[in-house]
Amino acid sequence: MPTSLRINPMFRLSMSSLELFHSNFLEWLFDLDHEAFLKCFGLTVSNSAAYTIEREYHLGTTKLATGKNKQWVTDIAVFENGNLILIIENKIKSTPSKGQLLNQSTFAGTAKKVLLSLFEYSGTLHGFIPVLYKNLIGEIRKNYALSNLYIKDYYDMLESLQDILDHDRLVIDWRGGYYTAHLSSTDLETCGIMDAFRKYQAASLADEFENRFIAKNTTGLPMTCEHSLNNKHACTTIAYELNSRLCVGVQIEYDQLRIFFEDKNKKFNISNVDTYWNNWFKPLTPLGKSTKKGGPHYCSYDMSKSLFIYRYVKLNDLFSSSPIKINDLCIYVQCILDKIINEYLRGTIFNVLK
């Protein structure tokens, strides 16, 4: 990691809570100069006394399918004479959750909506304008006096961080269409951005799955796509909902490709499950792997609402290219999904669990 970042006091302070720190600093920039702040986000000021800011602003509430209420809160809201004119959703360490941008956009009305992020967001923006931190530092330099030592340290920190991202091999390869979520970067680890990059990788792969598989799903079966960070590993899951109890699909976590069954009743009892796995993993790896010795020929873990059972293959055993092309990974996932749906059409899976 460059010395300039390691010795920067702003960087040291930011390590305790990345998103909270940066949102707090943006609020301070607003208080310092309303006009300069709004210019950074493309807004002009007529009367600086008319503008106010609110952190963690409650936009509204929607009722989910589960019956629970979901509150939508944005990081920064700016008002002109009490009217909402700007919201900033700060995602330096994470990515928007499902429905977040859509619902915030609905509640924010005609206000300008900014998604501020360290990495480019690959999902649907729903009216949000993407602003990268590397663009923000240019606006700060243009609209604020760097003679203020706090602003200069903040600017220097972001510039040094961006320099690391621009030259990191993992980031460069991922942006170039290669899968790097099973590799590590010393620089990203040291500057505390490795987890943020992993979340971005999981989310962008999920967006790729959404566009390739769910958007083109003509099977009549519902499909789901999720992403998460599991034990510091990027994890992306695509699945068919076979019935109210059972899901089956593919999960990419770290260096593994998994074919899984998820049973919401936690009583997994498909007697011929080995046959499915053997067929779906062909021809490259006929059986798939399990960490179990002397027990069932699959791995499993008990989640809060379901039982997750899978076999896996190492990505490096599937693909000879290094790094792996994301397109090749998606083609292989598509092949497995096609085999699963063909099994469904033959009527051999769906009648097993009710």
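Side-chain atoms are counted along with the backbone in the values below, which use heavy atoms only and exclude waters and symmetry mates. If you read the sequence from its start, that first residue is 1, and numbering goes on from there.
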**Prompt:** Among the clusters formed by ILVMFWY side chains lying less than 4.5 Å apart, do Val171 and Ile92 turn up in the same one?
**Reply:** yes

**Request:** Could you pull out the closest heavy-atom pair between Phe260 and Ala239, with the gap in Å?
**Result:** CZ-CB, 3.6 Å

**Item:** Non-hydrogen atoms of Ser228 and Ala202 that approach each other most closely
**Value:** O-CB, 3.6 Å

**Request:** Could you grab the distance from atom CZ of Arg169 to atom OG1 of Thr180, nearest 0.5 Å is fine?
**Result:** 10.0 Å

**Request:** Would you give the length of the straight line joining atom CG of Leu161 to atom CG of Leu188, rounded to the nearest 0.5 angstrom?
**Result:** 8.5 Å

**Check: Lys70 side chain, Lys68 main-chain N or O, donor-acceptor pair, under 3.5 Å** = no

**Item:** Donor on one side chain, acceptor on other, Glu139 and Asn135, under 3.5 Å
**Value:** no

**Request:** Apply side chain to side chain contact (heavy atoms under 4.5 Å, CB included) to Thr106 and Leu59, showing your working.
**Result:** CA-CA 9 Å; Thr106 301; Leu59 288 164; over 6 Å; no

**Prompt:** To the nearest 0.5 Å, how far apart are CD in Glu210 and CG in Leu205?
**Reply:** 11.0 Å

**Asked** Any idea which heavy atoms bring Ile137 and Tyr155 closest together, and the distance?
**Response** O-CE1, 3.0 Å

**Prompt:** Between CE of Met223 and CD1 of Ile341, what distance do you get to the nearest 0.5 Å?
**Reply:** 8.0 Å

**Prompt:** Considering only heavy atoms from C-beta outward, does the side chain of Leu115 approach that of Lys91 to under 4.5 Å?
**Reply:** yes

**Prompt:** How long is the gap from CG on Leu307 to OH on Tyr301, to the nearest 0.5 Å?
**Reply:** 10.0 Å

**Request:** State plainly whether the residues Lys152 and Asp156 are in salt-bridge range, i.e. N to O under 4.0 Å.
**Result:** yes

**Asked** Is the backbone of His233 close enough, under 3.5 Å, to the side chain of Asn231 for a donor and an acceptor to pair up by distance?
**Response** no

**Item:** Point-to-point distance, once rounded to the nearest 0.5 Å, from OG1 of Thr236 to CD of Gln201
**Value:** 9.0 Å

**Request:** Could you check if a side-chain atom of Leu26 sits within less than 4.5 angstrom of a side-chain atom of Phe30, using non-hydrogen atoms only?
**Result:** no

**Item:** Any donor-acceptor N/O pair, Asn217 side chain to Phe213 backbone, under 3.5 Å
**Value:** no

**Prompt:** Passes side chain to side chain contact (heavy atoms under 4.5 Å, CB included), Leu101 versus Tyr121? Steps please.
**Reply:** CA-CA 12 Å; Leu101 297 188; Tyr121 180 61; 3.7 Å; yes

**Request:** Check whether any side-chain heavy atom of Phe319 lies under 4.5 Å from a side-chain heavy atom of Tyr179, and answer yes or no.
**Result:** no

**Message:** For Arg141, is the CZ atom crowded, meaning more than 12 foreign heavy atoms sit under 6.0 Å from it?
**Reply:** no

**Item:** Residue pair Trp174 / Ser204, side-chain donor-acceptor N/O under 3.5 Å
**Value:** yes

**Asked** For Phe37, does its backbone N or O pair with a side-chain atom of Tyr144 as donor and acceptor, under 3.5 Å?
**Response** yes

**Request:** Show your reasoning for whether side chain to side chain contact (heavy atoms under 4.5 Å, CB included) applies to Cys247 and Leu242.
**Result:** CA-CA 5 Å; Cys247 292; Leu242 300 186; over 6 Å; no

**Request:** Test Ile88 against Asp75 for side chain to side chain contact (heavy atoms under 4.5 Å, CB included), laying out the working first.
**Result:** CA-CA 6 Å; Ile88 301 174; Asp75 294 297; 5.8 Å; no

**Message:** Between Pro96 and Glu89, is there a side-chain heavy-atom distance shorter than 4.5 Å?
**Reply:** no

**Asked** Do the side chains of Trp72 and Val114 join up, straight or via other hydrophobic residues, at under 4.5 Å, putting them in one cluster?
**Response** no

**Complete:** Sorted by chain and number, sequence neighbours left out, salt bridge (Lys or Arg N to Asp or Glu O under 4.0 Å) with Lys216 holds for none

**Prompt:** Would you call Glu35 and Lys39 a salt bridge, using N to O less than 4.0 angstrom?
**Reply:** yes

**Request:** Take Asp274 and Arg311, measure what salt bridge (charged side-chain N to carboxylate O under 4.0 Å, His left out) needs, and give me the verdict at the end.
**Result:** CA-CA 10 Å; Asp274 288 340; Arg311 281 202 199 152; 2.7 Å; yes

**Smallest separation among heavy atoms of Ser300 and Tyr310, with atom names** = N-CE2, 4.4 Å

**Request:** Using atom types as modelled and distance alone, determine if a side-chain donor or acceptor of Thr124 lies under 3.5 Å from a backbone N or O of His126.
**Result:** no

**Message:** Tell me whether Leu257 shares a hydrophobic cluster with Trp280, the cluster being built from Ile, Leu, Val, Met, Phe, Trp, Tyr side chains joined at under 4.5 Å.
**Reply:** yes

**Passing option when Thr237 is tested against Gln251, His227, Arg258 for side-chain hydrogen bond (donor to acceptor under 3.5 Å, both in side chains)** = Gln251

**Message:** In this structure, is the centre-to-centre distance between the rings of Tyr154 and Phe25 below 6.0 Å?
**Reply:** yes

**Message:** Check for me whether the distance between the ring centres of Phe79 and Tyr57 falls short of 6.0 Å.
**Reply:** yes

**Message:** Grouping I, L, V, M, F, W and Y whenever their side-chain heavy atoms are under 4.5 Å apart, do Leu165 and Tyr178 come out in a common cluster?
**Reply:** no

**Prompt:** Lys264: what forms a salt bridge (Lys or Arg N to Asp or Glu O under 4.0 Å) with it, not counting sequence neighbours?
**Reply:** none

**Request:** Would you check if Arg198 and Ser184 make a side-chain contact, meaning some heavy-atom pair closer than 4.5 Å?
**Result:** yes

**Complete:** Nearest heavy-atom contact between Gly99 and Asn103 is O-ND2, 2.7 Å

**Exercise: do Asn90 and Tyr133 side chains pair donor with acceptor under 3.5 Å** = yes

**Request:** Take atom NZ of Lys266 as the centre, draw a 6.0 Å sphere, and report whether it contains more than 12 heavy atoms from other residues, nucleotides or ligands.
**Result:** yes

**Prompt:** Can you name the nearest heavy-atom pair linking Val250 to Ile336, along with the distance?
**Reply:** CG2-CG2, 3.6 Å

**Request:** Using modelled atom types only, decide if a donor and an acceptor are shared between the side chain of Lys134 and the backbone of Phe119 within a distance under 3.5 Å.
**Result:** no

**Asked** When you check the side-chain N and O atoms of Ser185 and Asp187, is any donor under 3.5 Å from an acceptor?
**Response** no

**Prompt:** Is the closest side-chain heavy-atom distance between Phe41 and Val78 below 4.5 Å?
**Reply:** no

**Request:** Find out whether Ile151 and Trp28 are in side-chain contact, i.e. whether some heavy atom of one side chain is under 4.5 Å from a heavy atom of the other.
**Result:** yes

**Request:** Flag the pair Tyr276 / Phe261 as yes when at least one side-chain heavy-atom distance between them is below 4.5 Å, and no otherwise.
**Result:** yes

**Item:** Asp255 side chain to Lys314 backbone, donor-acceptor under 3.5 Å
**Value:** no

**Asked** Under a single-linkage definition using a 4.5 Å side-chain heavy-atom cutoff for Ile, Leu, Val, Met, Phe, Trp and Tyr, are Leu183 and Ile252 assigned to the same hydrophobic cluster?
**Response** yes

**Item:** Donor-acceptor pair, side chain of Asn279 and main chain of Thr275, under 3.5 angstrom
**Value:** yes

